[in-house]
Structures are given as C-alpha cells and as structure tokens.
Amino acid sequence: MTVSEQTDAAGEALRPHAEHAFAGELKALAAADDRPRPARWKLSPWAVSTYLLGGTLPDGTLITPKYVGPRRLVEVAVTTLATDRALLLLGVPGTAKTWVSEHLAAAVSGDSTLLVQGTAGTPEEAVRYGWNYARLLADGPSREALVPSPVMRAMAEGMTVRVEELTRIPADVQDALITILSEKTLPVPELGQEVQAVRGFNLVATANDRDRGVNELSSALRRRFNTVVLPLPATPEDEVDIVSRRVAQTGRALDLPAAPEGLAEIRRVVTIFRELRDGVTTDGRTKLKSPSGTLSTAEAISVVTGGLALAAHFGDGVLRPGDVVDGILGAVVRDPASDRVIWQEYVETVVREREGWKDFYRACREAAA
Ligand SMILES: Nc1ncnc2c1ncn2[C@@H]1O[C@H](COP(=O)(O)OP(=O)(O)OP(=O)(O)O)[C@@H](O)[C@H]1O
Ligand SMILES: [Mg+2]
C-alpha cells in the first residue's frame with residue numbers, strides 16, 4: 001500500500017483520489033467490461049466513458065455521472081487517449097477540466113496521482129528528471145541517483161500523466177514536452193541512456209481560456225494535442241444537477257446535513273450566476289451588466305457548501321437565503337467599485353421584482369447594510 005492508499009483506506013483523507021473514492025464503481029465496470037482494452041488500460045474506452053458519464057451496468061450496478069455535459073466530448077477525449085496524440089482540455093475556469101482529467105487518469109490507468117502542476121516557476125526537472133544530489137556527489141551520475149519526473153514514470157510504466165495549467169509553464173519547459181510527445185522518448189545524456197515510452201503512456205493537459213497569452217502554446221506543441229473544449233453547463237437544470245451532486249458529495253466529507261429544502265436555494269444561486277454571466281435575465285427581457293468575476297459552476301458549488309456550513313453551525317440546518325447571500329456577494333463583487341454597482345442594480349431591478357424572492361431580497365438588503 002502506498003501512503004495515499006493508507007490515508008484513503010482509513011477514511012481520513014479530506015479528499016480521496018478518484019480511484020479510491022470510486023473504487024467500487026471501477027471494480028464493477030472492470031468486471032462487466034468485455035470490450036477490447038488498449039494496452040495497459042484498466043478499462044475499455046466504452047467503460048471509461050460510462051464511468052465518466054454514468055449509467056447502469058447489466059447486473060444493476062449504478063455508475064454515478066462524474067461529468068455532466070455532451071457525451072460526444074467525453075467520447076472524443078477518451079478515444080484520443082487511445083491514440084498516440086495527447087489530450088488538451090481547454091475551457092474557462094470552473095468547467096471541470098481538472099476534474100475530468102483526474103477521472104480519466106483514474107479510469108484509464110487506475111492512478112490519478114502522476115501529476116505535474118504547471119506554474120510560472122515549473123522547472124524542466126518537473127517534466128524530465130532531476131538528481132538526488134547526495135548520491136550524485138557520492139557516486140556520480142547513475143540510474144539510482146536519477147529522480148524521475150511523473151512524466152518519466154508514466155512513460156516507463158505505460159500510464160497516464162496529467163499536466164495542470166499547461167499554458168502557465170514557461171515556453172522552454174513546454175518545449176521539453178515536444179520530444180516526449182512526438183518521439184515518445186526521454187534521453188538521459190548524462191547516462192548515455194534513454195527512457196522509451198511503453199504502450200499505454202499518454203498525457204492529459206489542462207489549460208485555462210483566461211490565461212491565453214500568458215504563455216501561448218507553441219504551434220509545434222499544439223499539434224501534438226487533440227483539443228477538447230469543455231463548455232459551461234448548457235441548461236440551468238444541468239447546472240443545478242452538477243451543483244447539488246457535488247455539494248452532496250463534499251457535504252458528506254464535511255459532515256454537513258443534506259437538506260432537500262436547500263434545492264430551491266441552489267436553484268436560486270445558479271439562476272443568479274447564469275443571469276449575471278450571460279448579461280441577460282432568464283426570460284430574456286432585461287439586459288444586465290456582467291461583473292468581472294467568472295461566476296463559474298465551481299464558484300456556485302463553493303457558495304452553496306459555505307451556506308450549508310453556516311446553516312449547520314449557526315442556523316437550523318436548512319439552507320436559507322441569509323446563508324448564501326454573503327457567499328454570492330463574495331463571488332460577484334471582485335472589484336469593490338464597479339462590481340458592487342452592478343450587484344446593487346441587479347438586486348433592485350431583478351431580485352426585488354421577482355415572484356417568490358422576497359426573503360432573498362430582504363437578505364440582500366441586510367447584507368448590504
Ligand atoms: N459539467 C460538469 N460536470 C460535473 N462537474 C462539474 C461540471 N462543471 C463543473 N463541475 C464541478 O466544478 C468543480 C471545479 O472544477 P475544476 O476544478 O475541475 O475546474 P477547472 O476547469 O479545472 O477550473 P480552473 O480553470 O479554475 O482550474 C468540480 O468539483 C466539478 O465537479
Ligand atoms: Mg483546474
């Protein structure tokens with residue numbers, strides 16, 4: 001057992017890895033899966049898609065949906081991993097890029113922990129290899145003194161490696177990925193050796209739309225990727241579904257009570273976020289100004305989780321307008337000057353007039369006071 005498996009098995013991990021949190025589903029899928037599996041894959045592409053999108057197995061086992069969105073997107077993403085092209089998940093913040101990449105790695109390779117976190121300071125060692133300097137000084141360069149990166153390990157073992165926030169990585173470090181992805185080899189000149197990728201190796205990268213221009217992907221690197229753009233949830237129902245599902249999951253981890261009455265409140269948070277994001281009310285009648293924040297599904301999830309915690313500790317356990325209003329305010333008002341005006345205008349023109357929103361309007365006024 002690895003350390004992470006021990007922590008997860010003890011039920012102590014604050015956030016267990018996908019392959020542990022959904023171990024039961026993955027096992028049932030593997031048992032029911034009689035389709036051909038690419039080399040070193042734990043499941044067939046069909047079973048990986050079912051794991052992500054949810055479904056019912058012939059023996060009645062329920063597979064919960066992890067990703068709510070177009071089926072085709074998931075199928076293209078999974079198929080890409082079975083080819084020699086890498087996968088790039090692109091989208092605005094909070095569209096489940098990281099979430100999808102974790103579940104893909106868990107379902108395909110049974111391990112989502114081979115991960116490179118991209119930052120402006122990501123060194124080349126993070127995508128190639130480094131050295132254990134004590135051993136290097138004592139014995140000179142040797143295979144034992146070499147510290148492989150997650151990418152190198154994935155190549156050697158035929159696994160899926162994840163690269164988060166690819167476009168934040170400096171251009172010269174990104175370039176190191178080009179050889180890896182096109183030649184499928186990682187030379188180690190110090191040892192006169194190379195590590196060749198074995199079958200089953202592939203790479204899932206995520207990048208944020210808003211970061212475009214920070215470190216543009218070179219066209220040479222871009223060509224090595226199939227790009228899948230993850231959209232914002234298409235309908236309010238989808239978004240309410242995603243938020244309530246995730247809140248129920250994190251709520252369990254935090255011992256928060258699940259309150260079905262809270263669904264109305266979740267619907268309200270989603271409606272507000274969507275209207276402000278789209279710049280128009282749901283009925284299409286009133287144009288609105290959009291605030292500077294992204295107001296993504298991810299933010300709606302944290303507003304509701306925060307509200308539930310407030311309700312649990314300081315209220316009667318039921319999510320009420322007063323529990324979410326501060327969270328909404330925090331998400332909407334990023335720029336204290338302009339966003340506050342936009343929010344006030346929304347409260348007075350939309351919230352005030354809307355049927356059934358009296359309580360919420362009152363809560364908004366109290367929060368502003
Ligand atoms: N379509 C969706 N289906 C399922 N979950 C979703 C969806 N959209 C967002 N989420 C939820 O939103 C949360 C945040 O997603 P995630 O962190 O993966 O976003 P991201 O795209 O990586 O954002 P960032 O660009 O900020 O890194 C996750 O908990 C995920 O469950
Ligand atoms: Mg992310």
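Whatever order the structure lists ligands and atoms in, that order sets their numbers, starting from 1. Owing to the predicted nature of the structure, the values given are computational and were not obtained by experimental measurement.
- Taken from CD in Q196 to OG1 in T185, the straight-line distance is 5.0 Å, to the nearest 0.5 Å.
- For the Mg ion (ligand 2), protein N/O/S neighbours under 2.8 Å (waters excluded) are T98 OG1.
- Ionic pairing of R268 and E275 is not present here: no N-O contact between side-chain nitrogen and carboxylate oxygen is shorter than 4.0 angstrom.
- Scanning all protein heavy atoms for the shortest distance to atom 22 (O) of ligand 1 gives T98 OG1, 2.6 Å.
- Each of the following atoms of ligand 1 lies closer than 4.0 Å to a heavy atom of E165: 27 (O).
- Closest non-hydrogen pair, P150 versus V116, comes out as CG-CG2, 4.1 Å.
- With a 4.5 Å cut-off between side-chain heavy atoms of Ile, Leu, Val, Met, Phe, Trp and Tyr, the cluster of V147 takes in none.
- Annotation for E19 and S112: closest pair OE1-OG, 2.7 Å, computed over non-hydrogen atoms.
- Taken to the nearest 0.5 Å, the CZ atom of F273 stands 6.0 Å off from the CD1 atom of I328.
- Remark: D359 engages R362 in a salt bridge, criterion side-chain N to carboxylate O under 4.0 Å.
- Where the criterion is an N or O separation shorter than 3.5 Å, residue side chain and backbone included, Y67 fails it with respect to ligand 1.
- Using a 3.5 Å distance cut-off with no hydrogens or angles, the side chains of D33 and S44 do pair a donor with an acceptor.
- The two atoms that bring V325 and A367 nearest to each other are CG1-CB, 4.0 Å, heavy atoms only.
- Each of the atoms 12 (O), 13 (C), 14 (C) of ligand 1 lies under 4.0 Å from some heavy atom of A298.
- In this structure, K66 is part of the shell of residues with a heavy atom less than 4.0 angstrom from ligand 1.
- Its side chain within the 4.5 Å cluster rule, L232 clusters with V92 among the Ile, Leu, Val, Met, Phe, Trp and Tyr residues.
- Listed by number with element, the atoms of ligand 1 under 4.0 angstrom from any heavy atom of N208 are 24 (P), 25 (O).
- Residue-to-ligand polar distances place T95 within reach of ligand 1: an N/O pair is separated by less than 3.5 Å.
- Every atom of ligand 1 is numbered from 1 in the order shown, and the set under 4.0 Å from a heavy atom of I301 is 11 (C), 12 (O).
- In terms of polar-atom proximity, defined here as any N/O pair under 3.5 Å, V68 does make such a contact with ligand 1.
- The two residues D339 and V332 have their closest heavy-atom pair at OD2-O, 3.4 Å.
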Please assess E299 against S296 for the test side chain to side chain donor-acceptor pair (under 3.5 Å), listing each intermediate value before the final yes or no. CA-CA 5 Å; E299 278 156 302; S296 66; 3.1 Å; yes
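- Protein heavy atom at the shortest distance from atom 18 (O) of ligand 1 is W99 N, 2.9 Å.
- For atom 28 (C) of ligand 1, the nearest non-hydrogen atom of the protein is R246 NE, 4.0 Å.
- Taking CH2 of W357 as the reference point, atom OG1 of T271 lies at 5.0 Å (rounded to 0.5 Å).
- Under 4.0 angstrom from ligand 1, there are no non-hydrogen atoms of E164.
- Remark: among candidates D238, T294, I242, the nearest residue to atom 5 (N) of ligand 1 is I242, based on non-hydrogen atoms.
- One option in P70, G91, G94 has a heavy atom closer to atom 23 (O) of ligand 1 than any other, and that option is G94.
- In this structure, atom 21 (O) of ligand 1 lies nearest to the protein heavy atom K97 NZ, 2.6 Å.
- Given atom 7 (C) of ligand 1, the protein heavy atom at minimum distance is A96 CB, 3.6 Å.
- Listed by chain and residue number, H103 satisfy the ring pair (Phe, Tyr, Trp, His ring centres under 6.0 Å) test with F22 (two or more places apart in sequence, or in another chain).
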